[in-house]
A.B. asks: 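Before we start, here is the structure in question, set down as structure tokens.
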Amino acid sequence: MKPSAKALAEALGLSEDLLRAIELSQAPLTNIALMASRLARLLNDFDHQKIFEYESGGYPYSATGVSPEVWRLATLAGRTYQKKDKEEVKTYARTESIEQLEASLEASKLGIDAARDPNVSISSANPNQYVGSGHGNWVERSRLHQSIRESSAKLSSRRSFIYAYVLQKNLELKFSGIAGDAFSRIRLAADELIGLTVPSAAQKFVAIYENLQSDNPEDWSNAVHSCRRILQDLADHLFPATDTPRVKSVNGRDVRIALGADNYINRLVCFTEDNSTSGRSEEIIGSQLAYLGDRLDSLFRAAQKGSHATISIRDEADRYVVYTYMLVADLLKLARPAA
């Protein structure tokens with residue numbers, strides 16, 4: 001299921017907050033992992049939602065190891081490592097939580113201070129005798145320094161993993177927002193032009209929106225069929241049907257272009273040729289009309305034969321609606337100077 005527009009907007013804001021918190025070290029990594037879990041939940045990314053929960057609280061395990069599902073998520077999170085056990089190389093998973101790593105790092109730092117050697121002076125009354133200060137706590141300090149290095153390396157790995165995920169999602173959300181804003185501008189311009197010139201098409205677009213919200217593939221097909229009817233209405237308005245064909249010269253031969261009631265794509269192409277001031281624009285709109293018209297007609301014919309669910313993927317229906325909107329906007333802009 002796709003996230004709602006509200007969820008996507010919240011996710012974008014949350015991803016910005018997370019990037020700032022990571023880059024400026026504004027919050028403990030445990031808290032950041034929980035925030036990342038919320039980001040994944042808003043995006044319906046359930047694998048990473050669970051991963052970030054485990055990152056914060058630890059990966060569950062038992063005396064026999066971890067379950068296959070936990071192992072899969074640990075692998076996805078980069079938690080596995082290999083170690084040679086006698087003559088065999090085995091793969092293990094680190095299950096400690098970020099909170100445990102942070103606590104271990106803090107404890108080791110405090111331990112370093114506690115393990116400092118006391119500042120004492122030792123001397124002997126015998127000038128020929130050397131008196132050492134003893135071994136002190138250097139062994140303990142060495143162990144603590146090693147613990148600090150290990151915990152820091154593990155935390156750095158976890159920070160990099162979370163940051164990479166959040167950055168990727170932030171870029172994806174920004175890109176989708178840019179695309180959405182661009183289409184919104186096209187849609188608003190097209191809506192205004194449609195409402196003024198072809199009110200019936202505007203009503204059909206409302207029905208298309210409602211059909212695209214459904215989870216039923218038949219409704220998606222109905223949305224696409226409405227796109228065909230919108231182009232037919234637009235052709236009737238811009239270039240009414242005629243029994244007189246248009247004759248064009250193609251490669252030195254005369255070709256008759258039918259402009260009857262069913263030839264709505266031909267009529268829209270002729271309208272474009274008659275009103276476009278740019279040969280390039282005429283070529284682009286004409287090719288788009290030819291492609292979209294052929295596809296919509298083939299879907300319509302399939303539906304007429306009883307194949308109701310001709311659109312099985314919502315994204316496919318979305319594309320046809322977007323293409324139709326762009327074409328309608330371009331055609332009505334050509335019509336506006338003559339109005």
A.B. asks: Using every non-hydrogen atom in the two residues, find where Val321 and Leu212 come nearest and quote the distance to one decimal.
C.D. replies: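 Heavy atoms only, the tightest pair is CG2-CD1, 3.8 Å.
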A.B. asks: Taking Ile257's backbone N and O only, do any of them form a donor-acceptor pair with Asn266's side chain (distance below 3.5 Å, no angle check)?
C.D. replies: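 No: the side chain of Asn266 does not pair with the backbone of Ile257.
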A.B. asks: Assess whether a salt bridge exists between Asp254 and Lys248, defined as any Lys/Arg side-chain N lying under 4.0 Å from an Asp/Glu carboxylate O.
C.D. replies: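 Not counted as a salt bridge, because no side-chain N and carboxylate O are separated by less than 4.0 Å.
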A.B. asks: Please tell me whether His225 and Asn222 have a donor and an acceptor in their side chains that are separated by less than 3.5 angstrom.
C.D. replies: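 Result is no, nothing qualifies.
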A.B. asks: Might you point out which heavy atoms bring Phe271 and Leu334 nearest each other, and give the distance in Å?
C.D. replies: CE2-CB, 4.0 Å
A.B. asks: Side chain to side chain contact (heavy atoms under 4.5 Å, CB included), that's the test. Do Lys90 and Glu88 meet it? Break it down for me.
C.D. replies: CA-CA 6 Å; Lys90 295 183 178 181; Glu88 184 181 1; 3.6 Å; yes
A.B. asks: How many angstroms lie between NE2 in His145 and NZ in Lys109, if you round to the nearest 0.5 Å?
C.D. replies: 12.0 Å
A.B. asks: So, is the end of the Arg79 side chain (NZ or CZ) under 6.0 Å from the ring centre of Tyr59 and within 45° of the ring's axis?
C.D. replies: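 No; the conditions do not both hold, so Arg79 does not lie above the ring face of Tyr59.
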A.B. asks: If you round to the nearest 0.5 Å, how far is CD of Gln232 from CG of Leu234?
C.D. replies: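 Nearest 0.5 Å value for the CG-CD distance: 11.0 Å.
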A.B. asks: Are any non-hydrogen side-chain atoms of Val70 and Tyr61 less than 4.5 angstrom apart?
C.D. replies: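 No, too far: nothing below the 4.5 Å cut-off.
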A.B. asks: Would a 4.5 Å heavy-atom cut-off, applied to side chains only, mark Ser152 and Leu105 as touching?
C.D. replies: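 Sidechains of Leu105 and Ser152: in contact.
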A.B. asks: How many angstroms lie between atom CG of Leu14 and atom CZ of Arg38, to the nearest 0.5 angstrom?
C.D. replies: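 Nearest 0.5 Å value for the CG-CZ distance: 7.0 Å.
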A.B. asks: Using the side chain to side chain contact (heavy atoms under 4.5 Å, CB included) rule, take Leu19 and Tyr163 through it: C-alpha gap first, then chi angles, then the decisive distance, then the call.
C.D. replies: CA-CA 7 Å; Leu19 290 176; Tyr163 185 80; 3.6 Å; yes
A.B. asks: Quick one: pull up SG in Cys227 and CD1 in Ile208 and give me the separation to the nearest 0.5 Å.
C.D. replies: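 It is 4.0 Å, given to the nearest 0.5 Å.
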A.B. asks: Can you confirm whether the side chains of Tyr264 and Asp233 place a donor and an acceptor under 3.5 Å from each other?
C.D. replies: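 No donor-acceptor contact under 3.5 Å links the two side chains.
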A.B. asks: Apply salt bridge (Lys or Arg N to Asp or Glu O under 4.0 Å) to residues Glu10 and Arg41 and explain how you reach the verdict.
C.D. replies: CA-CA 11 Å; Glu10 182 180 348; Arg41 181 169 64 82; over 6 Å; no
A.B. asks: With the side chain counted from C-beta on, respond yes when Thr95 and Val66 share a heavy-atom pair under 4.5 Å apart, and no when they do not.
C.D. replies: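 Yes, close enough: below the 4.5 Å cut-off.
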A.B. asks: Can Thr91 and Trp71 be said to form a side chain to side chain contact (heavy atoms under 4.5 Å, CB included), step by step?
C.D. replies: CA-CA 11 Å; Thr91 303; Trp71 180 267; 3.7 Å; yes
A.B. asks: Any donor-acceptor pair under 3.5 Å linking the side-chain atoms of Ser226 with those of Arg229?
C.D. replies: yes
A.B. asks: Quick one, Ser56 with Glu99, criterion side chain to side chain donor-acceptor pair (under 3.5 Å). Give me CA distance, side-chain angles, the key distance, then yes/no.
C.D. replies: CA-CA 6 Å; Ser56 176; Glu99 187 172 12; 5.5 Å; no
A.B. asks: Kindly indicate whether the side chain of Ile51, heavy atoms from C-beta on, has any atom under 4.5 Å from the side chain of Tyr165.
C.D. replies: no
A.B. asks: Can Phe46 and Asn44 be said to form a side chain to side chain contact (heavy atoms under 4.5 Å, CB included), step by step?
C.D. replies: CA-CA 6 Å; Phe46 301 115; Asn44 292 339; 3.9 Å; yes
A.B. asks: May I ask you to decide if the ring planes of Phe52 and Phe161 are parallel, tilted or perpendicular, using 30° and 60° as cut-offs?
C.D. replies: tilted
A.B. asks: Roughly how far apart are Arg20 CZ and Ile22 CD1, rounded to 0.5 Å?
C.D. replies: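 Going from CZ on Arg20 over to CD1 on Ile22, the span is 11.5 Å.
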A.B. asks: Side-chain contact, heavy-atom cut-off 4.5 Å: Ile98 with Ile32?
C.D. replies: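 No; the side chains remain at least 4.5 Å from each other.
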A.B. asks: Output yes when Glu172 and Lys169 qualify as a salt bridge under the 4.0 Å nitrogen-oxygen rule, no when they do not.
C.D. replies: yes
A.B. asks: Are Glu53 and Lys50 ion-paired here, with the side-chain N under 4.0 Å from a carboxylate O?
C.D. replies: yes
A.B. asks: Quick check for you: to the nearest 0.5 Å, what is the distance between Lys204 atom NZ and Leu231 atom CG?
C.D. replies: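 Between atom NZ of Lys204 and atom CG of Leu231 there are 11.0 Å.
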A.B. asks: Applying the side-chain contact (heavy atoms from CB on, under 4.5 Å) criterion to Ser15, which one of Asn170, Leu167, Leu42, Leu43 satisfies it?
C.D. replies: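 Going through the options one by one, the only one that passes is Asn170.
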A.B. asks: Any ring pair (Phe, Tyr, Trp, His ring centres under 6.0 Å) involving residues 9-41? Give me the pairs, sequence neighbours left out, ordered by first then second residue.
C.D. replies: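 Matches after skipping sequence neighbours: none remain.
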A.B. asks: We want to know whether Gln82 and Tyr92 form a side-chain donor-acceptor pair, criterion being a heavy-atom distance below 3.5 angstrom.
C.D. replies: no
A.B. asks: Check whether any side-chain heavy atom of Glu273 lies under 4.5 Å from a side-chain heavy atom of Val269, and answer yes or no.
C.D. replies: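 Yes. Closest side-chain heavy atoms under 4.5 Å.
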A.B. asks: Can we say Glu55 and Arg159 salt-bridge, meaning some charged N sits less than 4.0 Å from an Asp/Glu carboxylate O?
C.D. replies: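 Result for this pair is no, no salt bridge flagged.
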A.B. asks: Between Arg319 and Glu316, does the salt bridge (Lys or Arg N to Asp or Glu O under 4.0 Å) criterion hold? Intermediate values first, please.
C.D. replies: CA-CA 5 Å; Arg319 283 195 296 274; Glu316 184 180 6; 5.4 Å; no
A.B. asks: For residues 235-243, dump all side-chain donor-acceptor pairs below 3.5 Å to protein atoms at least two apart in sequence or in another chain.
C.D. replies:
from, atom 1, to, atom 2, distance (Å)
Asp236, OD1, Arg267, NH1, 3.0
Asp236, OD1, Arg267, NH2, 3.2
Thr242, OG1, Thr244, N, 3.1

A.B. asks: Which heavy-atom pair separates Asp219 from Ser214 by the least distance, and what is that distance?
C.D. replies: OD2-OG, 2.6 Å
A.B. asks: Do Thr30 and Ser97 make a side-chain contact, defined as non-hydrogen atoms from C-beta onward lying under 4.5 Å apart?
C.D. replies: no
A.B. asks: So which atom in Ile148 and which in Ser108 form the shortest heavy-atom distance, rounded to 0.1 Å?
C.D. replies: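 For Ile148 and Ser108, the tightest heavy-atom pair comes out as CG1-CB, 3.4 Å.
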A.B. asks: So which heavy atom on Leu8 is nearest to which on Pro3, and how close?
C.D. replies: CD2-CB, 3.8 Å
A.B. asks: Please determine whether residues Leu101 and Leu34 belong to a single hydrophobic cluster, defined as Ile, Leu, Val, Met, Phe, Trp and Tyr linked transitively by side-chain heavy-atom distances below 4.5 Å.
C.D. replies: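 No, it is not one cluster - the side chains of Leu101 and Leu34 are not joined through contacts under 4.5 Å.
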A.B. asks: If we ignore angles and hydrogens, is there a donor and acceptor under 3.5 Å between the side chains of Gln146 and Arg143?
C.D. replies: no
A.B. asks: Is the closest side-chain heavy-atom distance between Val224 and Thr324 below 4.5 Å?
C.D. replies: no
A.B. asks: Is it true that, when you exclude Asp262 itself, more than 12 heavy atoms of the residues, nucleotides or ligands shown sit nearer than 6.0 Å to its CG?
C.D. replies: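 For Asp262, atom CG is not crowded (no more than 12 foreign heavy atoms under 6.0 Å).
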